[in-house]
Amino acid sequence: MLAYLDTQLHHQSSTSPTSNPTSPTSDPSFGSDFGGLIHTRPAAVIRPTSSADVSAAISLGLPVAPRGNGHSVHGQSQADAGVVLDMRSLSLTSPPRTIILDGLHYADVSAGTLWSELLAWALRAHRMAPPSWTDYLDLTVGGTLSNGGVSGQTFRYGPQISNVAEMEVVTGDGCRHVCGPENEADLFYSVLGGLGQFGVITRARIPLLPAPDMVKWIRVVYGRFEDYTSDAESLVRRTGSDAFDYVEGFVFVNSDDPVNGYGSVPLSSEVGFDASRVPTGSGPVLYCLEVVLHYREGEDVEKRASEMLSRLGYVRGLEFSVDVPYVDFLTRVKRAEEEARTNGSWGGPHPWLNLFVASSDIADFDRRVFKEILKDGISGPMLVYPVVRSKWDPRTSIAVPASDIFYLVALLRFSRPHPGGQRVEDLVRQNRQIVNCCRTNGYDFKMYLPHYKTEEDWARHFGDGWSRFIERKRRYDPMAILAPGQQIFRKKG
Ligand code: FAD
């Protein structure tokens with residue numbers, strides 16, 4: 001098979017990449033990604049249509065990067081002089097399938113399926129949906145399961161890596177495995193949050209739950225960080241009918257700056273932000289808690305919502321809400337994408353920084369980072385919201401803080417390319433300054449979607465889990481072929 005595919009690669013190099021699933025391509029997008037910061041030249045791009053194609057590609061002996069939708073920002077799904085596996089092609093030949101086990105519904109999906117595609121299929125087929133999401137859905141199942149998959153549902157259901165029942169994986173020796181919590185469990189947990197290091201996920205079994213028709217989507221504003229965190233933490237501790245269905249939040253600039261300021265808060269263009277309500281003496285930034293209640297058409301959600309809001313200490317008069325179909329809520333970032341494409345900031349570089357910061361350190365982080373370093377905003381959302389560690393399975397490969405509650409901090413920079421926007425080097429430098437601030441102040445923190453270059457940094461990132469990570473690499477990808485763009489291990493030989 002190896003010789004066959006090798007011949008195919010050379011033989012087909014002049015044919016159209018879309019005409020054959022295993023043809024290489026000179027499409028430059030496979031040497032780049034959403035971040036637009038790292039550019040490489042793969043030797044070939046292969047479009048697998050089965051796990052056998054994935055095994056054959058691995059058998060070539062070159063570095064192999066599975067690429068989902070290429071929405072990494074630091075070259076993680078690239079393979080300089082290696083093979084890029086375009087995992088999207090798998091979804092073209094394998095549509096989702098319904099599995100019912102012990103009365104529970106699951107979707108068996110190819111790893112190259114976008115979450116937006118899974119949502120559309122599950123609603124249409126069953127009026128059901130996966131419980132755990134990311135904010136943006138044009139990411140592949142395999143891409144987010146290799147990282148974490150975090151959003152406002154995480155406090156309740158755990159990240160996406162806590163919501164998988166089974167996977168089909170091709171390991172670094174080219175062997176195909178079907179693994180789950182009861183079957184090849186070590187491989188299953190290694191791959192979840194494993195940064196593509198231990199195997200190529202080709203299929204995943206995702207649980208489905210009945211979907212609501214509508215959501216009440218609410219934003220409320222806080223002047224003081226301690227009031228914001230106290231309410232947000234109490235909300236993520238709630239369970240059952242006492243809990244919201246989604247809890248997130250963000251920091252915005254205490255000014256009428258059109259991008260970073262008050263205008264980023266209202267949920268509809270018909271309602272403005274009444275700046276006279278901002279408490280006097282507020283600092284350079286304010287905080288917005290964002291919550292959602294699911295409901296069925298015709299159900300009275302108003303009473304429940306106002307009762308739940310009445311217990312919160314937000315600034316009265318600075319509350320905003322809209323009722324929207326569930327699908328419109330889940331696909332909300334798609335609309336932001338359309339706007340960003342129009343103003344040119346979607347195609348520009350995206351030096352994003354994502355961190356998990358322990359709740360014990362988040363007030364100091366606010367003081368040093370949000371109120372000082374980022375007090376003028378970042379031309380994009382600055383998310384900060386708590387999640388509960390008990391919903392994260394310690395057997396998975398992801399590194400998170402030790403604290404029972406920790407915050408996702410996401411600095412999602414959307415500036416236009418220089419000279420219209422800020423210089424990308426300056427933004428990268430600012431990110432480094434923030435990471436250094438976390439280090440020098442001894443915070444319990446981890447980078448999410450990490451990007452380090454030295455072994456020392458990776459060892460520090462994984463901490464006590466580093467020896468386990470190395471052992472897993474030895475077991476499942478001994479030649480260190482997989483996902484070279486993560487820059488954790490170097491291919492042997
Ligand atoms: P890629 O970038 O293509 O790949 C990511 C990594 O996974 C690479 O190392 C790759 O080799 C590996 N990989 C890909 N597919 C497979 C596979 N099948 N098997 C094994 N390894 C594989 N993240 C969140 O958690 N929450 C959010 O709300 C969120 N919002 C985002 C919004 C936008 C606009 C963007 C650009 C990113 C967002 N992310 C979010 C980050 C996103 O989850 C990661 O960047 C994710 O990796 C992107 O998925 P992808 O399919 O594009 O993966």
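Here the structure is a predicted model, which means the values were calculated and not measured. Atoms within a ligand are numbered from 1 in the order they appear, just like the ligands themselves.
- Taking only nitrogen or oxygen atoms, main chain and side chain alike, Ile201 reaches within less than 3.5 Å of ligand 1.
- A cation-pi arrangement is present between Arg67 and Phe30, with the terminal nitrogen or guanidinium carbon under 6.0 Å from the aromatic centre and inside a 45° cone about the axis.
- Set against the non-hydrogen atoms of Arg67, the atoms of ligand 1 under 4.0 Å away are 3 (O).
- Put simply, the side chain of Glu117 gets close to the backbone of Leu114: a donor and an acceptor are under 3.5 Å apart.
- A heavy-atom separation below 4.0 Å is not found between Gly485 and ligand 1.
- A donor-acceptor pair under 3.5 Å links the side-chain atoms of Asp33 to the main chain of Gly75, judged by distance alone.
- Listed by number with element, the atoms of ligand 1 under 4.0 Å from a non-hydrogen atom of Gly68 are 1 (P), 3 (O), 14 (C), 15 (N), 51 (O).
- The distance from ligand 1 to the heavy atoms of Val150 drops below 4.0 Å at these ligand atoms: 24 (C), 25 (O), 26 (N), 27 (C), 28 (O).
- Atoms of ligand 1 found under 4.0 Å from any heavy atom of Ser72 (numbered from 1 in listed order, with element): 1 (P), 2 (O), 4 (O), 5 (C), 45 (O).
- Contact annotation: for Thr134 versus ligand 1, heavy atoms closer than 4.0 Å belong to both the backbone and the side chain.
- The option with the heavy atom closest to atom 13 (N) of ligand 1, from among Ala483, Pro48, Ala79, Pro66, is Pro66.
- Residue Thr144 has at least one heavy-atom neighbour below 4.0 Å for each of these atoms of ligand 1: 43 (O).
- When Trp352, Phe34, Tyr448, Trp346 are ranked by how near their heavy atoms come to atom 33 (C) of ligand 1, first place goes to Trp352.
- Geometrically, ligand 1 and Gln76 share a nitrogen or oxygen pair separated by less than 3.5 Å.
- Using a 4.5 Å heavy-atom cutoff, the side chains of Asp245 and Phe329 are not in contact.
- None of Tyr448, Phe445, Trp392, Phe365 except one satisfies the ring pair (Phe, Tyr, Trp, His ring centres under 6.0 Å) rule with Phe406; the exception is Trp392.
- Screening Val109, Leu90, Asp108, Val141 for a side chain to side chain contact (heavy atoms under 4.5 Å, CB included) involving Arg203 leaves a single residue, Asp108.
- Between Ala65, Ser151, Ser77, it is Ser77 that holds the heavy atom closest to atom 4 (O) of ligand 1.
- Annotation: side chain of Arg41 is in contact with side chain of Asp80 (closest heavy-atom distance under 4.5 Å).
- For atom 46 (C) of ligand 1, the choice among Ile488, Asn147, Asn354 with the nearest heavy atom turns out to be Asn147.
- A cation-pi arrangement is absent between Arg472 and Tyr476, since the terminal nitrogen or guanidinium carbon is not both under 6.0 Å from the aromatic centre and inside a 45° cone about the axis.
- At least one heavy atom of Gly70 sits under 4.0 Å from some atom of ligand 1.
- Against a heavy-atom cut-off of under 4.0 Å, Asp135 is close to the following atoms of ligand 1: 27 (C), 28 (O).
- Less than 4.0 angstrom separates some heavy atom of Ala111 from each of these atoms of ligand 1: 18 (N).
- In the vicinity of Leu449, heavy-atom distances shorter than 4.0 Å reach the ligand 1 atoms 41 (C), 44 (C).
- The distance criterion of under 3.5 Å between nitrogen or oxygen atoms is met by Asn69 with respect to ligand 1.
- When the heavy-atom distances from atom 40 (C) of ligand 1 to Leu139, Leu412, Leu195 are ranked, the shortest goes to Leu139.
- With Tyr136 as the fixed residue, the ring pair (Phe, Tyr, Trp, His ring centres under 6.0 Å) test singles out one of Trp346, Trp115, Phe34: Trp346.
- Taking 4.0 Å as the cut-off, Gly199 counts as a neighbour of ligand 1 on heavy-atom distance.
- Remark: minimum distance from atom 53 (O) of ligand 1 to any protein heavy atom is reached at Gly143 CA, 3.6 Å.
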